[in-house]
Student: 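Once you've had a glance at the structure underneath, I'll fire off some questions.
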Amino acid sequence: QVQLVESGGGLVQAGDSLRLSCTASGRTLSSYSVAWFRQAPGKEREFVASITRNSGNTYYADSVKDRLTISRDNAKNTLYLQMNSLKPEDTAVYYCAAQRLGVNHYGYWGQGTQVTVSS
């Protein structure tokens with residue numbers, strides 16, 4: 001199985017930038033499609049962005065489009081989320097997740113990293 005560990009969260013002001021990282025171990029990240037999700041206090045977990053296994057196509061939630069960018073570095077076995085122009089509503093625990101070929105769900109998850117954006 002693959003293990004995922006997120007890092008890079010913190011406390012920032014509105015308009016600031018952060019880059020989140022998700023490093024995989026146990027398996028090579030290139031074998032998986034990967035995604036970022038987030039969960040704000042009192043709300044359900046929501047999809048943020050994803051990048052596919054082979055083509056590298058990216059997908060974004062409307063709420064983060066044009067501000068957040070997902071990317072992957074297979075040589076480093078790492079997934080990134082570049083977050084620009086952060087807003088207080090971006091405050092949440094951010095999780096990375098991995099999806100195996102032939103599986104229609106994200107079966108592997110990290111522990112999450114907290115992002116807090118002050119007004």
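Values in this document were obtained by computation on a predicted structure and should not be read as measured data.
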Student: Could you check whether any side-chain heavy atom of R38 comes within less than 4.5 Å of a side-chain heavy atom of D90, counting everything from C-beta outward?
Tutor: yes
Student: Does L18 reach the side chain of L86, with side-chain heavy atoms less than 4.5 Å apart?
Tutor: yes
Student: Quiz question: by atom type and distance under 3.5 Å, do the side chains of T91 and E89 form a donor-acceptor pair?
Tutor: no
Student: Specify the closest pair of heavy atoms between C96 and L79, including all atoms of both residues, with the distance to one decimal.
Tutor: CB-CD2, 4.0 Å
Student: How many angstroms lie between atom CG of N54 and atom OG of S33, to the nearest 0.5 angstrom?
Tutor: 7.5 Å
Student: Test Q3 against Y108 for side-chain contact (heavy atoms from CB on, under 4.5 Å), laying out the working first.
Tutor: CA-CA 7 Å; Q3 292 81 43; Y108 304 94; over 6 Å; no
Student: Does the side chain of W36 come within less than 4.5 Å of F47's, by heavy atoms?
Tutor: no
Student: Out of curiosity, does Y106 fall in the hydrophobic cluster containing I51 (side-chain heavy atoms, cut-off under 4.5 Å, transitive links)?
Tutor: no
Student: Using side-chain contact (heavy atoms from CB on, under 4.5 Å), reason through Y60 and T69 one step at a time and then give a plain yes or no.
Tutor: CA-CA 8 Å; Y60 296 93; T69 303; 3.7 Å; yes
Student: Could you check V117, V115, D16 and say which one makes a side chain to side chain contact (heavy atoms under 4.5 Å, CB included) with M83?
Tutor: V115
Student: Quick check on the hydrophobic clustering: are Y94 and Y80 connected, directly or via other members, by side-chain heavy-atom contacts under 4.5 Å?
Tutor: no
Student: Taking only residues two or more places apart in sequence or in another chain, which ones pass ring pair (Phe, Tyr, Trp, His ring centres under 6.0 Å) with Y59?
Tutor: none
Student: Calculate, to the nearest 0.5 Å, the distance between atoms CZ and OG belonging to R67 and S85 respectively.
Tutor: 7.0 Å
Student: Counting N and O atoms only, with roles assigned by atom type, does the side chain of N77 sit under 3.5 Å from a partner on the main chain of T28, one being a donor and the other an acceptor?
Tutor: no
Student: Using a cut-off of 6.0 Å, state whether more than 12 heavy atoms not belonging to R53 lie near its atom CZ.
Tutor: yes
Student: Mind listing the closest non-hydrogen atom pair of R72 and T52 along with its distance?
Tutor: NH1-O, 3.2 Å
Student: Got a second to check how far S31's OG is from L101's CG, nearest 0.5 Å?
Tutor: 9.0 Å
Student: On a heavy-atom basis, which atom in G8 and which in T113 lie closest, and how many Å separate them?
Tutor: N-OG1, 4.2 Å
Student: Got a donor-acceptor contact below 3.5 angstrom from the S63 side chain to the A61 backbone?
Tutor: no
Student: How close do V2 and A24 get, counting heavy atoms only, and between which atoms?
Tutor: CG2-CB, 3.8 Å
Student: Distance alone, cut at 3.5 Å: any donor-acceptor contact between the side chains of N84 and S17?
Tutor: yes
Student: Under the 3.5 angstrom rule, does the side chain of Q111 hit a backbone N or O of E6 as a donor-acceptor pair?
Tutor: yes
Student: Applying the 4.5 Å side-chain criterion to the ILVMFWY set and letting contacts propagate, would L68 and Y95 be lumped into a single cluster?
Tutor: no
Student: Parallel, tilted or perpendicular, judged at 30° and 60°: which one describes the rings of W109 and F37?
Tutor: tilted
Student: Does any part of the side chain of Q99, heavy atoms only, come nearer than 4.5 Å to the side chain of V34, both counted from C-beta?
Tutor: no
Student: Quick one: are T116 and V12 in side-chain contact, heavy atoms under 4.5 Å?
Tutor: no
